[in-house]
Amino acid sequence: MNQRPFETLTTQEAIDEYIHLIERIESHNKDYFQEDAPTISDEEYDLLKERLKGLETYFPTIKKSHSPSDKVGSAPKKGFSKLKHDTPLLSLDNAFSREKVEDFFARSHKYLGLPVGAWLEYVGEPKIDGLSCTIRYEQGKLISAATRGDGWIGENVTSNVETIKEIPPHISAQFLDLLPEKFDVRGEVYMDHATFSDLNSRRAHTQEPLFANPRNAAAGSLRQLDPSITAKRRLHFFAYTFVPISPIAPPSFPTTQWTTLSLLKKIGFPTNPLSRLLSTKEALWEFYETIKNTRHELPYDIDGIVFKINDINTQNDLGFLSKSPRWALAYKFPSRTARTRLLDIQIQVGRTGVLTPVAILDPITIGGVVVSRAGLHNEMDLIRKDIRVGDIVVVERAGDVIPQVKEPILAERPKVSHPFVMPKRCPVCESPVLQEEGFASYRCTGGADCPAQALEKLIHFVSRHAFDIDGLGKKYLEVFFNQGWVRTPSDIFHLEEKNSSRDHPLETWDGWGALSAQNLFRSISEKKVISLDRFLYSLGIPHVGEQYAKILARHFISLQALLDFLEEAKDPSSPAYAELISIEGFGTILANALIQFMTSESTKKILRDLLGTTNDPPLIEILPFTPLAQGPEPFLGKTIVFTGTLQKRTRQKAKDEAERLGAKVASSVSKNTNYLVYGQTPGSKYNQALLLGIPILTESEWEALIT
Ligand code: IVH
C-alpha cells in the first residue's frame, strides 16, 4: 500500500490513490460482508480504511459523498428477508495508539464543554471479534433478530438466532416490570476456538473450503438459509447494549452502561465477565494492558477494548457521527508478532545505489500469512539493536506493509555469532560502497554500470507514475535485461524494431504469442509522448520524487530550459545556483544531486538516445509543462489568519488545509492579510481585521469555500 506522507501528495495523486483505495475497500467489503470470505487480514483492512480516512481529512475536497468511510457494512446477503433497524446499528471509531485514545477523550470532553483535567467514568469491554446482531423482544418474547447489514437494514436471521442456546427466547415474567414493552438487545455473535477448529477439521475432511478465522465461521454459520445448519455450529453471544423501543421505560431503567450490563445479565443474557467500570484514566490503561497481555488465554477472539462513557445521558448529549458514536471508541490491539530464526541478511541494491539489508527468515505464519523475508530498516538500526544472523528474532506484521524485524531475543543467541557489518563492496558489481554524508545510507558507487542499479532504474522508468508502460513490469524487464535486450531506457523503445531480427523473437518465447508481443509493443509505443514532470520523475534523480518533479516542471516549463539552467548552476556562486536552492522545498542537497545527475555524461547519453541527435530521430516526445486546467483557486498565494476556537478542526488542521490550497497562514493580522477566519471567542485580531477592512469569514463560510 502507498504509505507516502499526505503532505508529499499532489491533489491529483491523492485523487488517484483515493479512487483506487475505494475500489479495493469495496471489493473487500463484498468478500467480507456478503461472501464471509475475506481475502485480507483485519489489520490490512483497517489500514486501508485508515489511509482512506487520512486522505479524506488531508484533502477534504476529494471526499465522495458515499465514501466507504461513511458506511458500516454492506448490503444484506441475497436470500434473506430484510429487517429495518429502528435505530441504526452503527460501528465504532478505531484507535491504534494511546495518543489517538487521548485525542478521543479530548474531543468528547471538549464537545461536552468539560473543564481541562475533568474526568468521566468509562466502561471498558473486550471487543468481541464476531458479528453484531440485534434481537427484538416484545412483551418478553423474542420476535425477530437481524444482522447489521448496511447499518440501516439487516438480514432477518430470526430462525437462526433462535438456535443459539444462550439467547433467551422469553424473558422470565419476574423481570418484565423492569423492562419496556418493546426493546432490542444488541450484542456480538461469535464462535469459540474449539468449535472453530472442530468445524474446520470436519470441513477439511469433506473437502469443503475452510473458514479463515472464527469470525468468518460465525458469520457463515449465522447467515445460513437453513437454520438447522446454524444449530449445529454452536454459536455464542455476548450482549452489550439495550435499546428501549416502546415509548416509556420504567423509572428503574438503567441510566448507565454499567447498570445496563447488570440488567442484561440479570434477565438472562450472557455478558462478558471481563468488562470493568473504570473510574480513572490509569485504571483504563491498566485494563487495556491486562487484557491485551492475557487475551491469548481466552477461548474466543477479541481484537481490542471498547471504551464507553458510562453515563447514558452524557452519551445522548454526545450523540453520533455519521457512522459511529462520539461516546465510544475501540482501542485495537497492536499488530501481530511472531518469533523465528534469522537465516541470513542479504543486501539489496536499489535504483539509486542505496544498500538495504533484508532479513531472510525461517518461514513463519503471522496472522495467516507466511513470512520468509522481512525488512530491517537500515544499517544503523541493525547495529543499534545488534541483530545477528542465527538469532531468534521478533517479527512484526502490521497490515499491508512489509513485515519488519523488531528485535533479537538475546537470551537465545547461539554461542557463536557475529555482529553485522555492511560490506565494503557492492554485492552485485563489487564497486566500493560509500556512506553518504549527512545520511544514514550506504551507496554503491557503480552507478549505471552496476547491473542491480541499472535494472532497478529501468523498473522505475516504466513504473506507474513514470512512463507507465502496461505489461512491462519487473518480471519481464528482468528477463529482457538478463537477455541483454534492454539495458538502457532507449532499448525499451527499440524493442519492437530489433525483435524481428533476433534469433528467438519474443513471439516464440514460452508463454508468448504474436498477440501478446504485439500488445506489449503497442503499449510501449502508446507511451512515447510524456509530460515533463513524469519524464523527470522517470529518470530516478536522487531525492526527486513526483512532488519535486512537478515543482521542477512548473518552474522550468521545458527540459531544455532546465538543462541550460543546470549548466549555469554548476557554479555554486552563480545566480542560477542561488535561484535553484531558493525554489520551494529545495536545499543544497537536492540542488547538488540534481545538478550532478542531470549534467553527468551518463544522463546526457540517456537523453541523447531518447531525444535524438541530428543523425538519429527522437524516440519519445516530452510535452512542456502546462498548468492543469483547474477551477479558480481563490486561496492560492493568499494570506490567512485564524483566530478563536474553531469547532470542527484543530488549528493545525485548519493550517494544513489552507496550505494545501496554496495559502500562507500568518499568526497576526496586517494589511497583507487577505482573510480572517474566526471561531468561538475571537481575540483582538478580529477587531484589527475589522479596522483594516479585511474580509472576515466564519468557520462555516470558510468550510463552504474550501469544500
Ligand atoms: S458497542 C454504536 N461493544 O464492534 C456501536 N461493540 O467495530 C456500539 N463489538 O459494530 C457498539 N464487541 O459489532 C460494542 N463490547 C462491544 C463490542 C462491540 C464487539 C463490535 C460490534 C460493532 C463493532 C464495531
Side-chain angles (χ1 to χ4, degrees), residues 1-5 43-44 47 96-97 334-367 369-447 450-457 459-460 474 540 542-543 545 589 593:
M1 184 170 73
N2 189 346
Q3 282 297 10
R4 274 177 50 198
E43 286 90 0
E44 283 160 348
L47 276 181
F96 292 89
S97 65
S335 60
R336 298 161 207 236
T337 58
R339 299 155 121 222
T340 188
R341 195 168 300 280
L342 176 61
L343 300 178
D344 193 11
I345 296 177
Q346 289 182 355
I347 304 293
Q348 258 178 12
V349 185
R351 165 169 62 82
T352 54
V354 173
L355 305 192
T356 312
V358 177
I360 308 298
L361 304 168
D362 198 359
I364 178 132
T365 306
I366 315 179
V369 167
V370 178
V371 175
S372 55
R373 293 164 75 84
L376 285 156
H377 294 292
N378 54 38
E379 196 241 4
M380 300 306 264
D381 236 37
L382 258 172
I383 292 173
R384 192 166 45 80
K385 295 179 181 164
D386 190 18
I387 299 171
R388 302 182 182 190
V389 170
D391 277 347
I392 297 290
V393 288
V394 177
V395 183
E396 180 178 43
R397 194 181 142 249
D400 221 4
V401 294
I402 301 164
Q404 295 291 331
V405 172
K406 299 280 290 176
E407 61 200 3
I409 309 287
L410 294 177
E412 292 180 37
R413 172 160 285 170
K415 283 210 180 67
V416 184
S417 71
H418 306 283
F420 171 78
V421 248
M422 199 57 135
K424 301 271 175 296
R425 293 194 165 266
C426 169
V428 179
C429 72
E430 300 203 334
S431 302
V433 165
L434 281 185
Q435 187 172 20
E436 279 201 311
E437 224 178 292
F439 291 90
S441 52
Y442 286 75
R443 261 179 215 272
C444 153
T445 52
C450 171
Q453 286 191 49
L455 177 58
E456 291 297 329
K457 280 192 165 76
I459 293 170
H460 176 77
K474 188 176 169 144
H543 314 300
I589 291 178

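What you see is a predicted model, and the numbers here were worked out from it, not measured in a lab.
Under the 4.5 Å side-chain criterion, counting only non-hydrogen atoms from C-beta, R443 is not in contact with L434. A 4.5 Å side-chain heavy-atom check between H460 and E456 finds every atom pair outside the cut-off.
Between atom CZ of residue R339 and atom CD1 of residue I392 there is a gap of 7.5 Å, rounded to the nearest 0.5 Å. Expressed to the nearest 0.5 Å, how far CG of L376 lies from CD1 of I360 amounts to 9.0 Å. Atom CG of L361 sits about 6.0 Å away from atom CG of L342, to the nearest 0.5 Å. Residue L343 holds its CG atom at 11.5 Å from CG of D391, rounded to the nearest 0.5 Å. The distance from the OG1 atom of T356 to the CD1 atom of I347 is 8.0 Å, given to the nearest 0.5 Å.
In terms of heavy atoms, I387 sits closest to I345 at O-CD1, 4.2 Å. A pairwise comparison of heavy atoms in C450 and V349 identifies SG-CG1, 4.3 Å as the closest pair. Looking at every heavy atom in both residues, G540 comes nearest to T352 through O-CG2, 4.0 Å. A pairwise comparison of heavy atoms in V371 and R373 identifies CG1-O, 3.5 Å as the closest pair.
Checked by atom type and distance alone, the side chain of K385 pairs as donor or acceptor with a backbone atom of K406 at under 3.5 Å. With R341 contributing its side chain and G390 its backbone, the two residues share a donor-acceptor pair below 3.5 Å.
Partner of E407 under the side chain to side chain contact (heavy atoms under 4.5 Å, CB included) criterion, out of T337, D386, V394, V393: V394 alone.
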Sequence neighbours excluded and cut-off under 3.5 Å, please list the side-chain donor-acceptor pairs for residues 414-433, or say none.
from : atom 1 : to   : atom 2 : distance (Å)
S417 : OG     : R388 : NH1    : 3.0
R425 : NH1    : E430 : O      : 2.7

